[in-house]
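This report concerns only the one structure given below.
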Protein chains: 2
Amino acid sequence: MFKINENYLKLPGSYLFSTIAKKVNAYQNANPDKEIIRLGIGDVTLPLSPVVIDTLHSAVDEMAHKETFKGYAPDLGYEFLRNAIADFDYKRRGADINADEIFVSDGAKSDSGNIGDIFSVDNKIAVCDPVYPVYVDTNAMAGRTGDYLPDLGKWSNVIYMPCTAETNFAPDLPKETPDIIYLCFPNNPTGSTITKSELQRWVDYANKVGAVIIYDAAYEAYITEEDVPHTIYECEGARTCAIELRSFSKNAGFTGTRLGFTVIPKDLKSGDVMLHSLWARRHGTKFNGAPYIIQKAGAAIYTEEGQKQTKEQIAYYMNNAKTILTGLKEAGYTVSGGVNAPYIWLKTPDKMTSWEFFDYLLENANVVGTPGSGFGPSGEGYFRLTAFGSYENTVRALDRIKAL
Amino acid sequence: MFKINENYLKLPGSYLFSTIAKKVNAYQNANPDKEIIRLGIGDVTLPLSPVVIDTLHSAVDEMAHKETFKGYAPDLGYEFLRNAIADFDYKRRGADINADEIFVSDGAKSDSGNIGDIFSVDNKIAVCDPVYPVYVDTNAMAGRTGDYLPDLGKWSNVIYMPCTAETNFAPDLPKETPDIIYLCFPNNPTGSTITKSELQRWVDYANKVGAVIIYDAAYEAYITEEDVPHTIYECEGARTCAIELRSFSKNAGFTGTRLGFTVIPKDLKSGDVMLHSLWARRHGTKFNGAPYIIQKAGAAIYTEEGQKQTKEQIAYYMNNAKTILTGLKEAGYTVSGGVNAPYIWLKTPDKMTSWEFFDYLLENANVVGTPGSGFGPSGEGYFRLTAFGSYENTVRALDRIKAL
């Protein structure tokens with residue numbers, strides 16, 4: 001008799017954004033005349049930039065002719081893309097990462113879930129609290145998190161590192177020593193960042209205690225301040241302790257186009273075993289590459305024109321972020337984030353819970369945001385708005401919020 | 001101190017096709033003047049069909065405009081694609097599968113590896129021997145296969161079901177009861193199939209012993225004989241015991257375009273728990289959908305024009321299969337497959353091992369095939385050629401083989 005993975009049964013409720021979608025659909029069905037503005041899920045709204053579109057068309061044309069048709073991609077991804085990444089995202093920032101340490105994938109969500117495969121079940125994870133829920137959920141599926149304690153909204157075997165107003169939305173080094181540390185900066189959902197010297201402290205700590213850092217830098221393109229690192233490999237010693245996850249979703253609008261990559265330096269080892277070899281094995285056995293046409297499109301953003309158009313898109317969203325930040329402050333909210341990230345993090349008013357404020361905002365302003373508690377227990381009493389809407393909708397949403 | 005997944009260290013050597021690629025590259029580098037013909041890896045060579053190309057272009061244009069731009073896809077895949085699949089691949093064959101039982105993915109390789117996530121480590125798997133190596137390798141990574149026994153070329157905790165000339169290349173019901181049974185028909189690598197009544201026997205057996213069948217039907221489009229089932233759901237009772245994996249790689253040439261799907265009927269349960277719910281949870285948490293433009297392209301093959309063009313491509317490859325079958329027979333080889341599948345399976349001559357014959361063919365005919373032993377111990381002494389080359393190359397490869 002076959003047996004299921006019982007860890008799945010421990011997961012509380014469904015995935016955060018699925019729950020939100022269901023609530024919004026139910027409200028819309030009950031109120032078909034209401035026009036809902038979605039500043040909830042971190043999904044982009046601007047179309048793909050012209051250089052990406054042109055490249056997609058020409059790559060599609062290549063697929064139409066026998067001479068230029070592409071079948072299975074190389075295991076790690078096409079060299080033209082990995083070379084561009086190594087050059088632009090790493091070497092130009094003084095980070096020592098080679099093209100053969102880069103694994104192209106279908107996105108950072110897949111990678112952040114699948115990376116757990118190469119680690120033993122017997123590892124204790126530490127996560128920022130609140131944070132992108134995929135880290136904890138996928139570790140729960142793997143059986144690494146103990147039991148869910150509904151009263152606390154926590155798992156029994158996870159080290160939570162609170163990131164609240166009291167800690168300036170940055171984690172302290174944990175009291176208990178973790179084996180795997182998930183860091184996400186600029187942070188989803190709080191929009192907070194840490195400086196290079198603060199990140200160096202984490203790298204030093206990881207090397208000292210023998211922990212591995214899984215560094216999610218999906219939002220690095222939104223960094224505007226000087227002393228905020230764009231990659232963990234700007235820090236000395238990161239090659240022996242850090243894996244970095246990156247995405248084309250938020251810098252180039254690839255949420256529905258799907259492309260990302262993971263960096264594993266060859267110096268990152270457990271005894272004699274390179275984690276690079278383990279991930280290469282997983283990549284070669286359980287994945288068959290991102291589509292050629294999309295790898296071509298990804299490489300296009302590293303051209304001069306691509307860089308320019310990408311920066312314009314980010315500027316557009318960051319102008320929205322400013323609109324939200326300013327508007328919320330005018331309306332009397334306590335807010336943070338929005339300077340190095342497309343996320344604005346607000347304290348719910350009148351001691352409402354996060355979900356109470358979600359319902360309040362949906363019903364009274366017809367604006368959708370994301371409850372902070374969905375990102376971890378320390379997110380309770382907070383709420384996330386995103387800058388990914390259109391400028392017009394962002395202004396209208398803020399007008400509605402200010403009018404409440 | 002972090003700990004790796006030690007199961008990875010038990011894996012012998014590297015993934016079959018990586019090893020072949022390395023050998024071929026080494027030979028080519030040492031012999032730059034030799035023109036190698038590749039009939040090894042199951043990669044297609046015909047360009048994408050015109051209707052797929054047109055659809056890709058128009059979907060790319062949609063991504064260029066704010067009004068038609070698509071961000072994150074629905075968790076299970078777009079309805080337009082799932083509806084087309086449910087209609088063409090299931091309802092029209094009398095198989096009772098609904099659109100909401102279909103999960104669109106980036107390909108059958110990912111799915112066949114990832115599906116293990118929803119099962120306990122404590123399940124015993126049964127596999128056809130030889131078979132596509134991903135099933136065993138991914139179960140080994142999960143710790144489900146015991147230890148590798150190099151002398152036998154087997155894992156200690158896997159039920160191998162020999163499929164050799166002696167069994168007419170079909171598996172017998174195993175003596176020991178498995179929990180999870182992998183079946184792949186038309187079979188990769190042997191090209192063999194089983195009839196509907198034979199498959200019904202497997203479905204009845206699985207329901208009786210409480211096993212789940214993971215049915216890989218990636219090659220169903222190549223079936224030419226009447227009584228060979230195209231989907232396991234043609235069999236009565238399959239809804240309570242079978243998961244089906246399908247691919248766009250081999251019917252529509254999507255090896256470098258990436259699209260597939262998995263079917264999990266809602267009647268397939270462990271106690272009260274639907275496997276459908278578990279896979280939905282995995283899909284929603286560790287995957288973020290196949291690209292919109294590629295889901296559109298996939299749907300295009302279900303149009304009248306798409307069906308016509310797809311059939312033409314398959315006819316082209318099956319003509320190659322006939323060329324190989326006939327040529328090998330003329331050259332005195334013992335061969336099978338090639339009638340309902342793009343794979344031709346031959347007995348190596350003069351008691352050569354599979355890898356000896358691989359080297360012999362590479363060095364003397366400059367033709368690349370795949371060693372049968374790479375697909376399991378019972379593949380030793382066999383060799384796979386594929387019909388996915390060009391007609392011209394296929395003819396030339398066979399001329400070279402006949403001239404040996």
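Chain A is the first sequence line, chain B the second, and so forth, proteins listed ahead of strands; every chain is numbered from 1.
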In terms of heavy-atom proximity below 4.5 Å to chain A, should [X] be classed as side chain, backbone, both, or neither?
X        : result
B/Ala211 : backbone
B/Val212 : both
B/Ser390 : both
B/His57  : both
B/Ile294 : side chain
B/Lys269 : backbone

Interatomic spacing from [atom1] in [X] to [atom2] in [Y] - rounded to 0.5 Å:
X        : Y        : atom1 : atom2 : value
A/Ser110 : B/Lys286 : OG    : NZ    : 10.0 Å
B/Asn5   : A/Ile118 : CG    : CD1   : 9.0 Å
B/Arg281 : A/Leu11  : CZ    : CG    : 4.5 Å
B/Tyr72  : A/Asp43  : OH    : CG    : 6.0 Å
B/Lys109 : A/Phe287 : NZ    : CZ    : 9.5 Å
A/Arg282 : B/Asp137 : CZ    : CG    : 13.0 Å

Taking every non-hydrogen pair under 4.5 Å, which of [options] racks up the most with chain A?
options                               : value
B/Asp117, B/Asp106, B/Val273          : B/Asp117
B/Ala142, B/Ala290, B/Ala73, B/Gly289 : B/Gly289
B/Pro47, B/Gly113, B/Gly210           : B/Pro47
B/Thr177, B/Asp179, B/Thr138, B/Asn7  : B/Asp179
B/Leu56, B/Ile293, B/Asn288           : B/Asn288
B/Ile180, B/Asp122, B/Val209, B/Val44 : B/Asp122

Tell me, for [X] versus chain B, whether the close heavy atoms (under 4.5 Å) come from the side chain, the backbone, both or neither.
X        : result
A/Leu259 : neither
A/Asp61  : both
A/Met63  : both

Are A/Phe2 and B/Ile181 close enough, and set up right, to give a side-chain contact (heavy atoms from CB on, under 4.5 Å), and what steps lead you there? CA-CA 10 Å; A/Phe2 74 87; B/Ile181 302 164; over 6 Å; no

Give the C-alpha distance, both sets of side-chain angles, the deciding distance and a yes or no for side-chain contact (heavy atoms from CB on, under 4.5 Å) between A/Phe69 and B/Leu46. CA-CA 7 Å; A/Phe69 174 77; B/Leu46 289 178; over 6 Å; no

Pair A/Tyr292, B/Arg258 - check side-chain contact (heavy atoms from CB on, under 4.5 Å), show working. CA-CA 9 Å; A/Tyr292 170 72; B/Arg258 313 304 313 144; over 6 Å; no

When only pairs under 4.5 Å are counted, which of A/Lys124, A/Glu62, A/Lys3, A/His65 shares the most heavy-atom pairs with chain B? A/Lys3

So which of A/Glu67, A/Lys66, A/Lys70 has the largest heavy-atom pair count under 4.5 angstrom toward chain B? A/Lys66

Could you give me the CA-CA distance, side-chain angles and deciding distance for A/Val121 and B/Val121, then say whether side-chain contact (heavy atoms from CB on, under 4.5 Å) is met? CA-CA 11 Å; A/Val121 173; B/Val121 172; over 6 Å; no

Enclosure of B/Lys208 NZ (heavy-atom neighbours >12, cutoff 6.0 Å): no

Step through the shown structure and confirm whether more than 12 heavy atoms of other residues, nucleotides or ligands are within 6.0 Å of CD on A/Glu79. no

